[in-house]
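Before I ask anything, here is the structure I am working with.
Note on naming: letters A, B, ... go to the chains in the order of the sequence lines (proteins, then strands), and numbering restarts at 1 for each one.
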There are 2 protein chains.
Amino acid sequence: MQFHLNGFKSRDPEVHEASPHALPHGDSVPQQVDVLVVGAGPAGLTMAAQMANFPDIHTCLVEAKEGPIHLGQADGIACRTMEMFQAFGFAKKVEEEACWINEVTFWKPDPHDPSRIVRHGRVQDTEDGLSEFPHVVLNQARVHDHYLAHMRNSPSRMEPYYARKVLDLKVEEGAEYPVVVRLERCDAAHQGQVETVRARYVVGCDGARSAVRGAIGLQLVGGSANQAWGVMDVLAVTDFPDIRYKSAMQSPHGTLMVIPREGGYLVRLYVEMDKLGEAERVSARGITLDHLIAAAQRILHPYTMEVKEVPWWSVYEIGQRICDKYDDVPAGQEGSRLPRVFIAGDACHTHSPKAGQGMNFSMQDTFNLGWKLAAVLRGQCDPQLLHSYSSERQVAGQGLIDFDREWAKMISDKPKLDGDTNGQGVDPKAFQKYFEQHGRFTAGMGTHYPPSRITGEAMHQGLAPGYTVGMRFHSAQVLQINDAKPVQLGHAALADGRWRLYAFAGAQDHVEEGRGLRALARFLAESPDSPARRFTPQGQDLDAVFDLRGVFQQPHAELAIESMPVMLRPPKGRMGLYDYEKVYSAVVRHQPNIYDLRGIDRAQGALVVVRPDQYVAHVLPLDAHAELAAFFAGFMREA
Amino acid sequence: MQFHLNGFKSRDPEVHEASPHALPHGDSVPQQVDVLVVGAGPAGLTMAAQMANFPDIHTCLVEAKEGPIHLGQADGIACRTMEMFQAFGFAKKVEEEACWINEVTFWKPDPHDPSRIVRHGRVQDTEDGLSEFPHVVLNQARVHDHYLAHMRNSPSRMEPYYARKVLDLKVEEGAEYPVVVRLERCDAAHQGQVETVRARYVVGCDGARSAVRGAIGLQLVGGSANQAWGVMDVLAVTDFPDIRYKSAMQSPHGTLMVIPREGGYLVRLYVEMDKLGEAERVSARGITLDHLIAAAQRILHPYTMEVKEVPWWSVYEIGQRICDKYDDVPAGQEGSRLPRVFIAGDACHTHSPKAGQGMNFSMQDTFNLGWKLAAVLRGQCDPQLLHSYSSERQVAGQGLIDFDREWAKMISDKPKLDGDTNGQGVDPKAFQKYFEQHGRFTAGMGTHYPPSRITGEAMHQGLAPGYTVGMRFHSAQVLQINDAKPVQLGHAALADGRWRLYAFAGAQDHVEEGRGLRALARFLAESPDSPARRFTPQGQDLDAVFDLRGVFQQPHAELAIESMPVMLRPPKGRMGLYDYEKVYSAVVRHQPNIYDLRGIDRAQGALVVVRPDQYVAHVLPLDAHAELAAFFAGFMREA
């Protein structure tokens, strides 16, 4: 955590200095903004929190509810999402507060007495080394709280405008602020008042019944599985031994999933209810909380569960639906039109909650979009970049829909009994196997963006096979040489819109001047072709757009910080103080070496280019200066 | 982190429900309190934060300053202090925010050109495994902030009363609230107004010029070393390579110590100034900031340092002074009098700042006292217990004074040049060696309380040699069996005034009923001699006073939570929900086994009794029920 760069201030370093450029929060929504975010759920808050870090961009977040939520549907937080939370500075807090999912247990009917369930399997939830963060669960309302605190403490001091519903939205092509949105206030004091906002861009994060989606003529397409499920958060007394494990129970009475929750006592239960008839909706069934509890108790037999308190419950039907486009440019017209309106989260994909993916995919949607909008609004990138949001995220969303369809079907299938090789239903072992096979996907690591202007061709993947181009940057421990502190290399990536250039040195690069890491650093600092020179605005710090980090193979005591090139020790801020936290040794006591973990070529080293949303954009040889320059010239604009 | 026990509440779990029993904060100090704490520095805040956790005890904190400080003298936070912060719930925050001291480097005059300094040594700051926390440095004002937040969020909602100076204090023996303190308000709005508070107990944490100390007739005794030192916090541009390491420079121009600080840019420098004449005080010297900077620059030669900003600086003289008693009962009268007034922190010991011990010892003083006062005020322990505060902490303080006298002398000595075996001065290698040898002491692990009514004789130390009776409980990782989460065993110890009984099971105790851990748990739950039965008030949770934790040798999958005795899975709160977080396996993947780390007898197991301040009170065989009962009967009172 770095602070005091522009002078000592005695205060919580998470509370940033308010920017004089920020849009002040008022009683009415501003009439004109750069970005209007509709909906303060996980997608909208990720979007707003990202934009809050850029006070020069005026962003307004509106939400139909009258205030922050206290209960929320979602609770699963995948490892990948924790990595993103780290970029916003609150992963460690979530890690402390949330419930960790360490193992998953599987239960099936006892072959000797199928009315009783027995444990038949136990698997580690997340494979070793997949992420530096655990898979956790936490009430969605608390995730919101962390984002809201981040926004409040940001240079923008951003607060949502509550109790605003979208009335209508239209795009007036050619205008500077082309998107016109009318909002209706829905709190008692202002009921019926209408506000009009003009925005350069609108992001609709307004849920499955999205008004923004409707306004741009998009639809969720897909079907329903005609299967009713109940979900309830309970405080209960039970003798079921795995009540603090994520557990899946298959029984003749249906399927039950246990998700332990934060605080050590609360538990979420997903309970399979009846099959619905064709065209029947769950709302017609009149399923009550008592039905849910009774169903859970039947499935748990021979164990008992006495429910003491139910803070929240709901009944839903499974369905998988998705939009074929996530913005307002119809397919095929990308060459001639630029997107102005985007949708994200439940507004463009809905599915079953039981793989714990909804909130996670939604947040990743807007983490993908946030930096792009900022780069375009700041004139750093040309607006064609914005097409990549729909093309990248819609494909990722389709993968989720496909996974969920299969997983939901397995969960709802009757379990096959031991020895039954012909009967209908799912073999409990196959069920467990499917869960294990999809561990990386459910941890959020399945996303793989195809080559595009912002994702290079994997021509040099062999230099660093552990950093797959198009996938998320996989952190590992390294040692900061300025103070011998072990740190996670990936935690250099804050949600600040900057590109990270992780340069892994070749074997002799600590002394070699003419090539390798030092030559790259010199190229970046001095060459007229250097992206850092071309695309960093005058007067800003050397690392304002491109943040070069160097990892060396030698132990830290053999590396001299004072001999490092200026890009690895840039003078910064109003006093020109050196930033010393950019040079690392791969040698960390009691830790595996990052070169071994990620297969980095020790002789040549490698340059791993990472996007502001933590995805690997390119892997290049350290000497590929021209390729590096060409890559950024492909979508960036001169400062 | 456990919460939601008495019902789901959607909010920050660090914000506790306000207690209806708490003393409300008003405009004037309350007229009558259980505990009056004077001084809101590190000692006073630790005291107040501890008492804030007990809303049934009415505590008032007064401070002469008009509000929270923004700058503070102290910055070193020893590993032991981090362990205590963990009990208050903010260690992880400090770990994120603070600067880590990982290595210390040593510099001496270049033998070829003694006007230049050269690095001659580099040592690891904290030995491996000494603590689960690092040694860190952080502005004292931020430490205060964390305590103040803890108090504000506690069930007591405690806030300091600022701008109150102690006018006088007297003890009226025999009264129920015997200590009468008159306070003068010193803010502009209330200047000169006098408030009178009557208290059962007063804790003077009012610094080196303590009015409380004066009122009970105690004095700091010791001398001054006639050596002037300067200290400054700087933002500077320098080519000195170790500016982010703790470094000690011995040069012909004097000694300089570099302490890197939080945020990556700020640095504290301790600069040796001139020797003072006999009876000369530093204030007479007229030493200015320019003198400090010039002296630091001379010592750093050939490196340069351009100072850009100095948020804080000071000049002081070294001295080591201590009180021979930390309470108002004169030595020898302990049998006939009970203490009513205590002093802590700088009020009873002052010394040089350069070993970074002042703030740490001060906080440990009141962490020692806090639980004792609470236990006496709640009628849990007889008031003779309070004598142990002075007897334990004064001896610990004397150890600090002795250490500091030697260390300060070495730091101020001129360095011997290489090959000079006769000359005056200190050999740089001997200097480095002394630092290394005292690593455990400066980490805060040197404190060893002698046997007393609350610290047993180490008759059974062989059962767990890694848990020295009288020293702090040394945490290690174990695996919670209810959810397979790796946790630090020592983090069970919150600042809640409870005793921890860590029962390490013998090899067969997971199935054995008649002896070992299960028999101990049954004794505690059922026997009329059980301290848990005798000393836990009716109607409170089974673990309200004694918190039994069980560690087993088997992997977690071989341990059945449902078969654990009631003391290891107690029903709690208004709904009788099971607390599942008390049973562990010693087998944690990729981690050493706690039985090996601490030498625990695998055949017999061991019971490690830990005081509310995290010190080991006793090591006993699991079957020593009578000895356990007798130990607590020695100072506890029937509920």
Can you tell me which portion of Asn482(A) sits under 4.5 Å from chain B's heavy atoms? Options are side chain, backbone, both or neither.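 Both the backbone and the side chain of Asn482(A) come within 4.5 Å of chain B.
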Residue pair Pro260(A) / Asp483(B), side-chain heavy-atom distance below 4.5 Å: no
Got a second to check how far Gln2(B)'s CD is from Tyr265(A)'s OH, nearest 0.5 Å?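 Here the rounded value is 4.0 Å.
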Select all residues of residues 129-137 of chain A having any heavy atom within less than 4.5 Å of some heavy atom of chain B, and report them by number, or 'none'. none
Which atoms of Gln124(B) come close to chain A, meaning under 4.5 Å heavy atom to heavy atom: side chain ones, backbone ones, both, or neither? side chain
Between Arg589(B) and chain A, with a heavy-atom cut-off of 4.5 Å, which part of the residue counts as in contact: side chain, backbone, both or neither?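 Side chain only.
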Nearest-0.5 Å distance, CZ of residue Arg11(B) to CG of residue Asp145(A): 12.0 Å
Do Asp239(A) and Glu562(B) come within less than 4.5 Å of each other through their side chains, counting heavy atoms only? no
Out of curiosity, Asn6(B) CG to Glu309(A) CD, how far, rounded to the nearest 0.5 Å?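 Rounded to the nearest 0.5 Å, the CG-CD separation comes out at 9.0 Å.
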Partner residues of His556(B) under the ring-ring contact (aromatic ring centres under 6.0 Å, His included) criterion, sequence neighbours left out: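 Counting only residues at least two positions away or on another chain, His556(B) forms no ring-ring contact (aromatic ring centres under 6.0 Å, His included).
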Are Asn102(A) and Gln480(B) side-chain neighbours, meaning at least one heavy-atom pair lies under 4.5 Å?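 Heavy-atom side-chain distance check fails, nothing below 4.5 Å.
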For Phe8(B), what residues pass the ring-ring contact (aromatic ring centres under 6.0 Å, His included) criterion, not counting sequence neighbours? His4(B)
Just to be sure I understand the criterion: a residue of residues 570-582 of chain A counts if one of its heavy atoms is under 4.5 Å from a heavy atom of chain B. Which ones qualify? Lys572(A), Arg574(A), Met575(A), Gly576(A), Leu577(A), Tyr578(A), Asp579(A), Tyr580(A), Glu581(A)
Nearest-0.5 Å distance, NZ of residue Lys93(A) to NZ of residue Lys93(B):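 These two atoms lie 7.0 Å from each other.
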Can you say whether Ile101(B) sits under 4.5 Å from chain A via the side chain, the backbone, both, or neither, judging by heavy atoms? neither
dist Phe240(B):CZ -> Ile561(A):CD1 (nearest 0.5 Å) comes out at 13.0 Å
